[in-house]
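Here the structure comes first, spelled out in structure tokens, and everything after it is commentary.
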Amino acid sequence: SRDPTSAMLDHIEQDNVRFLRLQFTDLLGMPKNVAIPVEQAEKALTSGIGFDGSSIQGFVRIEESDMVLKPDLSTYSLLPWRSGEYAEARFVCDVYKASGTPFEGDPRYVLRRAMEDAAKDGYVFNTGPELEFFLFRMHEGRPTTQFQDVGGYFDLAPTDLAEDVRREIILALTEMGFEIEASHHEVAESQHEIDFKYSDALHTADNVITFKFAAKTIALMRGLHASFMAKPIYGICGSGMHTNCSLAKNDKNAFYDPDAPRQLSRTCMHFIGGLLRHAKAITRVANPTINSYKRLVPGYEAPCYVSWSAGNRSALVRVPSPRGNSTRVEFRSPDPTCNPYLAFTAMLAAGMEGIREKIEPPAGVDKNIYHMTPAERECAGIETLPGDLYEANRALLADDLICRALGPHVVEALTSVAEAEWEAYRTTVHPWELDRYLATY
Ligand code: ADP
Ligand code: MG
Ligand code: MG
Ligand code: MG
Ligand code: MG
């Protein structure tokens with residue numbers, strides 16, 4: 001039997017790969033990659049490839065910028081849009097410091113550490129995200145907010161460009177090993193959703209990054225822009241990334257208990273209790289842009305209040321009806337601008353605290369919370385999610401557990417990003433202000 005590295009090198013040769021892309025993710029969730037010619041493959045797979053981390057957002061200071069990318073062999077995948085004679089393949093990489101220790105600012109490492117912590121209690125964290133996005137027209141090389149189609153929820157539109165593009169995205173993802181469960185037209189014009197099968201959170205986070213860049217690449221090849229912005233257009237639905245979560249123990253779904261009320265185990269209820277306790281701090285990583293908070297407003301099936309429910313889509317945590325192996329809780333606040341590694345880390349840490357401290361969630365809220373008055377909400381003990389990025393970052397800083405899970409390096413970097421973004425936003429004069437005041441005053 002051959003060692004895994006030699007087997008992989010053979011595989012790369014058989015696939016006629018000319019270039020390898022070594023992929024990793026910065027703290028903002030942006031995919032980065034270094035392309036190397038295949039002649040460097042052996043070096044990359046044995047000792048890793050060095051790069052300068054100082055120019056990567058949220059990475060390191062100049063004086064300690066030497067980083068090494070080490071490919072995770074299990075993530076090898078051909079890029080379907082670069083096939084043929086000069087094929088390209090990619091690896092998702094782990095980031096190491098020159099000293100050989102994992103780099104604390106690598107979001108993949110942060111999630112791996114949280115998963116290892118849960119593994120001490122025998123748990124594997126599984127996540128299944130539902131990514132929504134818009135397909136917009138381009139104009140002179142720049143994205144616009146012009147719709148490509150005018151379909152609505154689950155519409156069977158006459159075959160149009162958007163539908164073709166959605167199908168091509170699905171075909172490419174399938175070639176890359178995704179198991180696509182469903183795709184449909186979403187509520188808004190030009191808005192789509194593609195669901196792929198859940199997996200352990202690390203693998204899923206890799207998939208989210210791959211999904212977004214594959215969708216963008218394929219849309220662009222057809223002259224469209226795939227936008228994962230949370231709320232590109234005022235007055236219509238934004239794009240979410242509902243995250244379905246479950247824990248597995250000994251290959252069984254630990255959230256399922258056929259004898260419990262609602263068939264939800266104590267573990268599941270405590271996980272919900274933890275999610276709700278830390279919901280405000282999680283928001284900082286689940287909703288990381290200024291624009292994210294324009295989606296978290298009443299009336300568009302996006303959550304704004306800290307609550308859970310068995311069916312109600314205005315709640316932050318919903319428990320979808322399937323049971324057995326599909327028993328899961330759906331965390332509805334994340335949007336697709338999030339760094340999935342960091343968002344999953346925060347969710348897992350919160351849920352695990354819930355389990356370890358047996359946190360009972362408050363009573364489920366089965367009425368439409370958007371229709372409750374502030375007094376009714378207060379009476380029911382329903383708190384409000386942070387209203388903007390600044391407030392969310394304050395909530396993160398006030399939450400020891402989530403700060404510990406992310407680690408000081410990440411918290412510091414996230415704080416400086418949030419403060420700079422907020423300051424730029426706060427001091428900018430926006431079109432809304434000119435519309436409102438210019439003629440009047
Ligand atoms: P919705 O009903 O909210 O629209 P979807 O059907 O669009 O939900 O998506 C459900 C997601 O939940 C899929 O990604 C699916 O793979 C995932 N899922 C199913 N079972 C589990 C589980 N046990 N743990 C985590 N995710 C799961
Ligand atoms: Mg869905
Ligand atoms: Mg569904
Ligand atoms: Mg949806
Ligand atoms: Mg959903």
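Electrostatic pairing of D106 and R112 does not count as a salt bridge here, judged by no charged N lying under 4.0 Å from a carboxylate O. Classification of R113 and E116 as a salt-bridged pair fails, no side-chain N sitting under 4.0 Å from a carboxylate O. Contact check on K70 versus D94 returns no salt bridge, with no Lys/Arg side-chain nitrogen under 4.0 Å from an Asp/Glu carboxylate oxygen. Under a 4.0 Å N-O distance rule, the pair R18/E39 qualifies as a salt bridge. A salt bridge is absent between R142 and E140: the closest approach of a Lys/Arg side-chain nitrogen to an acidic carboxylate oxygen does not fall below 4.0 angstrom. The residues E104 and K97 are annotated as salt-bridged, a charged nitrogen and a carboxylate oxygen being separated by less than 4.0 angstrom. Under 4.0 Å is where a charged nitrogen must lie from a carboxylate oxygen, and between K249 and D121 no such pair does.
You'll find the ring centres of F271 and F255 inside the 6.0 Å limit. Taking the ring centroids of F228 and F133, they lie under the 6.0 Å cut-off. You'll find the ring centres of H225 and F134 outside the 6.0 Å limit. In this structure, H192 has its ring center closer than 6.0 angstrom to the ring center of H185. A ring-centre distance under 6.0 Å is found for Y76 and H11.
For the residue pair S6/D3, the side-chain donor-acceptor check at 3.5 Å is satisfied. Between Y425 and D388, the side chains place no donor N or O within less than 3.5 Å of an acceptor N or O (distance only, hydrogens not considered). Checking S239 against Q191 by side-chain atom types alone, a donor-acceptor pair falls below 3.5 Å. No side-chain donor-acceptor contact under 3.5 Å links T289 and N291. Using modelled atom types, one finds a donor on one side chain and an acceptor on the other under 3.5 Å when comparing D335 with N287. N16 and E85 share no side-chain donor-acceptor pair at under 3.5 Å.
Side chain of R323 to main chain of S321: a donor-acceptor pair is present (N/O by atom type, distance under 3.5 Å, no hydrogens or angles). A donor-acceptor contact shorter than 3.5 Å links the side chain of N312 to the backbone of K367. Checked by atom type and distance alone, the side chain of N244 never pairs as donor or acceptor with a backbone atom of E330 at under 3.5 Å. Panel note: side chain S265, backbone A254; a donor-acceptor pair is recorded below 3.5 Å.
Of all the heavy atoms in E421 and I290, the pair that sits closest is O-CD1, 3.9 Å. Across N339 and G29, no two heavy atoms sit closer than the pair ND2-N, 3.5 Å. For the pair S246 and N253, the tightest heavy-atom approach, listed with the atom from each and the gap, is CB-ND2, 4.1 Å. Closest non-hydrogen pair, L202 versus M115, comes out as N-CE, 4.0 Å.
Applying the side-chain hydrogen bond (donor to acceptor under 3.5 Å, both in side chains) definition to pairs two or more places apart or across chains, those involving residues 267-281 are H270-E360, R277-E353, R277-E357, H278-E353, H278-D399, K280-E383.
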Test side-chain hydrogen bond (donor to acceptor under 3.5 Å, both in side chains) applied to D257 and Q263, step by step:
CA-CA 5 Å; D257 177 355; Q263 300 188 310; over 6 Å; no
Determine whether T145 and R137 satisfy the following criterion, side-chain hydrogen bond (donor to acceptor under 3.5 Å, both in side chains), listing intermediate values before the conclusion.
CA-CA 7 Å; T145 51; R137 295 205 175 136; over 6 Å; no
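Annotation: cation-pi pair K32/F24 absent, no NZ/CZ under 6.0 Å from the ring centroid and within 45° of its normal.
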